[in-house]
Amino acid sequence: MKAYTIDQLNEMTGPQFIDAIGWVFEHSPWVAVRAWKKSAPFRSLAELHEAMQLEVQLATESEQLALLRAHPDLAGRLKMSEASVSEQQGAGLTDLTPEEFAAFSSYNKLYTDKFGFPFIKAVRGHTKHTILAAMMSRLKGSPEEELELALREVGKIAMFRLTDLIDENASAASPTPSTNSMAGRTMYYGKGDVLVYRTFAAPLTAVAPIPESGFSGHDNVIFAMNVKIAVRGDAFLPSFTEGDNSMVVATDSMKNLILRHAADFTGSTIEGFLYHICGTFLHKYSQMSAIEISADRIPFEMLQVPDGAGGLTDSSLVYRRSHNDHASAALEVTRSDSDSGLCVLGHQCAVSDLQLIKVKGSAFAGFVRDEYTTLPETSDRPLFIWLNIRWSYLDPMDAIAPGERRYVAAEQIRDLAHSVFHELNSPSIQNLIYHIGLRILTRFPQLEEVRFESNNRTWETIVESIPDGEGRVYTEPRPPYGFQGFAVTRADLARAEAAADGEAP
């Protein structure tokens, strides 16, 4: 339940203000003291959070370290604040098996011994599996990187706590709709189907090879995509409630900004382009507080032409539009006090509309049979699947500005799915996508999670056998189709590897 409005906080004395929100940064009321002295009154929750974040950034390194060390170990059993207890309970960290508790304790100690402060993560929206995977990955970072990351996570935790505490949809001093904030309200607008065709973008070369794929990079001679963007901000509320458009940027202007700033994009990935556009919007328009943006890449394939010596060679001039599977990406970006001024709140990468047929070598048997069952069991069937594969990075900057060959290309994910489908005599689609996910996480340790959406579009058999051959005759299936959704995490990979080694999971 919300406890205060912004107006009520602004009317408090210094000590009252500290009592109310001094706990938001774990056992560090000095953050609230300095923010109140320098920046009160606050116009919104976001402005309050920014003021407190600024004080953390301006603090000495010893003060920053003290703030980090005030946080409890994740999944620890020492006394912690009520807020920490609630947050960890929501992520499943207070209900671990003995084996899970031992793993968290071990990695907590390794992390603290290396960096001098506990592992910190804003756990809301995460599970114990994704948290442990992030801890394992961040052990590889440098002390400078981890200090920055830990402070960023502390800021996220504070934002969650402030959002729970403060009601921006109710103002004690002025209840008129025009002053209400967007917190807790659905409010955005934007532009879709912005078709961008950029030629001769920077080639993508930061791709590490994998055994399942011959993909080594993009020339990006045609860098094309269909972009959708939505913007958020408190300032847009009067346009909805009063018809006051004085702060509204026309969606036609938004389209033109995207198109024109495609020219000054110097990166090589879809994710990098989306981040570039988010930065341009947020630096240009102060009334925008957050951007949600996505893009489907429009694939073009290089054609072959005669080489003049009786053979064929790749044309550097002629390409063909492909209507097959394609790469996609999405980002959610807001303002921050970092050097870039941006914070990536969420991201997703994908290969979409993958359609694969395996003519034999798949099975489906052992399922529940009752009075409703008409489907026969089979040990060797053709399997036609439609597949969307989505993945997220432990550090989204590996997608946005890849270095040291950290980028995971959609083409590699596609080729890897092809290979596993070829190799595996799968007993079900569910088992197939699980093994594809394990292989992806094995090949790409920089990824946090892989998610699948699959449809069973297997053809209906018309003729069971053709004399003197293996052929059959099929037609399209009836309209109802089966579907599956599944996520594979680093914890799944760790269990699979332990089982393969003969260890207890």
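We number each residue from 1, following the sequence as shown.
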Side chains of [X] and [Y]: closer than 4.5 Å at any heavy-atom pair?
X: Leu331; Y: Tyr275; value: yes
X: Val333; Y: Phe281; value: no
X: Val408; Y: Trp391; value: yes
X: Thr334; Y: Leu342; value: no
X: Arg451; Y: Glu449; value: yes
X: Phe25; Y: Leu67; value: yes
X: Ser428; Y: Gln484; value: no
X: Val488; Y: Phe452; value: yes

Notebook entry, point to check: Should Glu453 and Arg390 be marked as a salt bridge (Lys or Arg N to Asp or Glu O under 4.0 Å) after you check the CA-CA gap, both sets of side-chain angles, and the distance that decides it?
Noted result: CA-CA 9 Å; Glu453 292 177 358; Arg390 299 182 173 90; 3.1 Å; yes
Next item on the list: Ignoring hydrogens and angles, tell me if any N or O in the side chain of Ser362 forms a donor-acceptor pair with the backbone of Lys358 under 3.5 Å.
Entry: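 Side chain of Ser362 to backbone of Lys358, a donor-acceptor pair under 3.5 Å: no, none is there.
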Let me confirm one number: the [atom1]-[atom2] distance from [X] to [Y], rounded to the nearest 0.5 Å.
X: Arg335; Y: His49; atom1: CZ; atom2: NE2; value: 14.5 Å
X: Ile429; Y: Asn455; atom1: CD1; atom2: CG; value: 8.5 Å
X: Cys343; Y: Met159; atom1: SG; atom2: CE; value: 10.5 Å
X: Leu149; Y: Asp395; atom1: CG; atom2: CG; value: 6.5 Å
X: Ile385; Y: Asn456; atom1: CD1; atom2: CG; value: 8.5 Å
X: Ser419; Y: Leu424; atom1: OG; atom2: CG; value: 12.0 Å

What is the minimum heavy-atom distance between [X] and [Y], and which atoms define it?
X: Cys278; Y: Ile293; answer: SG-CG2, 3.4 Å
X: Ala122; Y: Glu153; answer: N-OE1, 2.8 Å
X: Gly361; Y: Asp380; answer: N-OD1, 2.7 Å
X: Leu274; Y: Ala329; answer: CD1-O, 3.6 Å
X: Pro427; Y: Asn431; answer: CD-OD1, 3.3 Å
X: Arg472; Y: Pro382; answer: NH1-CD, 4.2 Å

May I ask you to check whether over 12 heavy atoms, not counting those of [X], lie within 6.0 Å of atom [atom1]?
X: Asp468; atom1: CG; result: no
X: Tyr197; atom1: OH; result: yes
X: Phe367; atom1: CZ; result: yes
X: Arg320; atom1: CZ; result: no
X: Arg478; atom1: CZ; result: no

Checklist line | Where at least one partner belongs to residues 433-442, residue pairs that pass side chain to side chain donor-acceptor pair (under 3.5 Å), sequence neighbours excluded | finding: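 As it turns out, the side chain to side chain donor-acceptor pair (under 3.5 Å) pairs with a partner in residues 433-442, which skip direct neighbours, are Glu212-Arg439, Glu423-Arg439.
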Between the side chains of [Y] and [X], is the shortest nitrogen-to-carboxylate-oxygen separation below 4.0 Å, so that they form an ion pair?
X: Arg161; Y: Asp164; answer: no
X: Arg490; Y: Glu448; answer: no
X: Glu470; Y: Lys360; answer: yes
X: Arg232; Y: Glu332; answer: no

Next item on the list: Just jot down the side-chain hydrogen bond (donor to acceptor under 3.5 Å, both in side chains) partners of Arg406, sequence neighbours excluded, or say none.
Entry: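 Checked Arg406 against side-chain hydrogen bond (donor to acceptor under 3.5 Å, both in side chains); matches are Asp398.
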Next item on the list: Return the set of residues passing side-chain hydrogen bond (donor to acceptor under 3.5 Å, both in side chains) with His276 (not counting sequence neighbours), or none when no residue passes.
Entry: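 In terms of side-chain hydrogen bond (donor to acceptor under 3.5 Å, both in side chains), with neighbours along the sequence ignored, His276 is linked to Asp264.
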Notebook entry, point to check: Of the options Glu148, Glu146, Glu145, which is the one that meets Arg138 in a salt bridge (charged side-chain N to carboxylate O under 4.0 Å, His left out)?
Noted result: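 Of all the options given, the one that passes is Glu146.
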Kindly list each side-chain donor-acceptor pair under 3.5 angstrom involving residues 218-229, sequence neighbours excluded, with atom names and distances?
{"residue": "His218", "atom": "NE2", "partner": "Glu411", "partner atom": "OE2", "Å": "2.8"}
{"residue": "Asp219", "atom": "OD1", "partner": "Val221", "partner atom": "N", "Å": "3.1"}
{"residue": "Asp219", "atom": "OD2", "partner": "Tyr319", "partner atom": "OH", "Å": "3.0"}
{"residue": "Asn220", "atom": "OD1", "partner": "Arg297", "partner atom": "NH1", "Å": "3.3"}
{"residue": "Asn220", "atom": "OD1", "partner": "Arg297", "partner atom": "NH2", "Å": "2.9"}
{"residue": "Asn220", "atom": "ND2", "partner": "Ala202", "partner atom": "O", "Å": "2.7"}
{"residue": "Asn220", "atom": "ND2", "partner": "Ser268", "partner atom": "O", "Å": "3.1"}
{"residue": "Asn226", "atom": "ND2", "partner": "Asp193", "partner atom": "OD1", "Å": "3.0"}

Check: Excluding sequence neighbours, so at least two apart, what forms ring pair (Phe, Tyr, Trp, His ring centres under 6.0 Å) with Phe115?
Finding: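 For Phe115 the ring pair (Phe, Tyr, Trp, His ring centres under 6.0 Å) partners, ignoring immediate neighbours, are Tyr111.
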Check: Checking Arg457 against Tyr481: charged group under 6.0 Å from the ring centre and within 45 degrees of the axis?
Finding: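 Positive - Arg457 is close enough to the ring of Tyr481 and near enough to its axis.
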Check: Given the rule in the side-chain contact (heavy atoms from CB on, under 4.5 Å) test, do Leu438 and Glu497 qualify, once you have shown the distances and angles that lead to the verdict?
Finding: CA-CA 10 Å; Leu438 292 181; Glu497 291 175 339; over 6 Å; no
Item checked: Residues Gln412, Ser213; criterion side chain to side chain donor-acceptor pair (under 3.5 Å); working and verdict -> CA-CA 6 Å; Gln412 291 179 300; Ser213 178; 5.2 Å; no
Next item on the list: Please name the residue in the list Tyr474, Phe421, Trp459 that meets the ring-ring contact (aromatic ring centres under 6.0 Å, His included) test with Phe384.
Entry: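 Only one option passes, and that is Trp459.
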Next item on the list: I would like to know whether Phe273 and Phe265 meet ring pair (Phe, Tyr, Trp, His ring centres under 6.0 Å); could you show each step before the answer?
Entry: CA-CA 7 Å; Phe273 177 76; Phe265 174 57; 5.5 Å; yes
Next item on the list: Please report the C-alpha distance between Gln446 and Leu394 in whole Å, then the side-chain angles of each, then the deciding distance to 0.1 Å, and finally whether the side-chain contact (heavy atoms from CB on, under 4.5 Å) criterion is met.
Entry: CA-CA 6 Å; Gln446 64 269 47; Leu394 289 162; 5.9 Å; no
Next item on the list: Take Val368 and Thr373 through the test side-chain contact (heavy atoms from CB on, under 4.5 Å) and record every step on the way to the result.
Entry: CA-CA 8 Å; Val368 173; Thr373 305; 5.6 Å; no
Compile the donor-acceptor pairs under 3.5 Å between side chains in residues 345-356 and protein atoms, sequence neighbours left out, one pair per line.
{"residue": "His347", "atom": "NE2", "partner": "Tyr393", "partner atom": "N", "Å": "2.7"}
{"residue": "Ser352", "atom": "OG", "partner": "Ser328", "partner atom": "OG", "Å": "3.4"}

Margin query: Pair Tyr107, Phe104 - check ring pair (Phe, Tyr, Trp, His ring centres under 6.0 Å), show working.
Written below: CA-CA 5 Å; Tyr107 283 110; Phe104 270 95; 8.4 Å; no
Check: Between Leu387 and Ile433, does a side-chain contact (heavy atoms from CB on, under 4.5 Å) hold up when you go through it step by step?
Finding: CA-CA 9 Å; Leu387 190 60; Ile433 60 180; 4.1 Å; yes
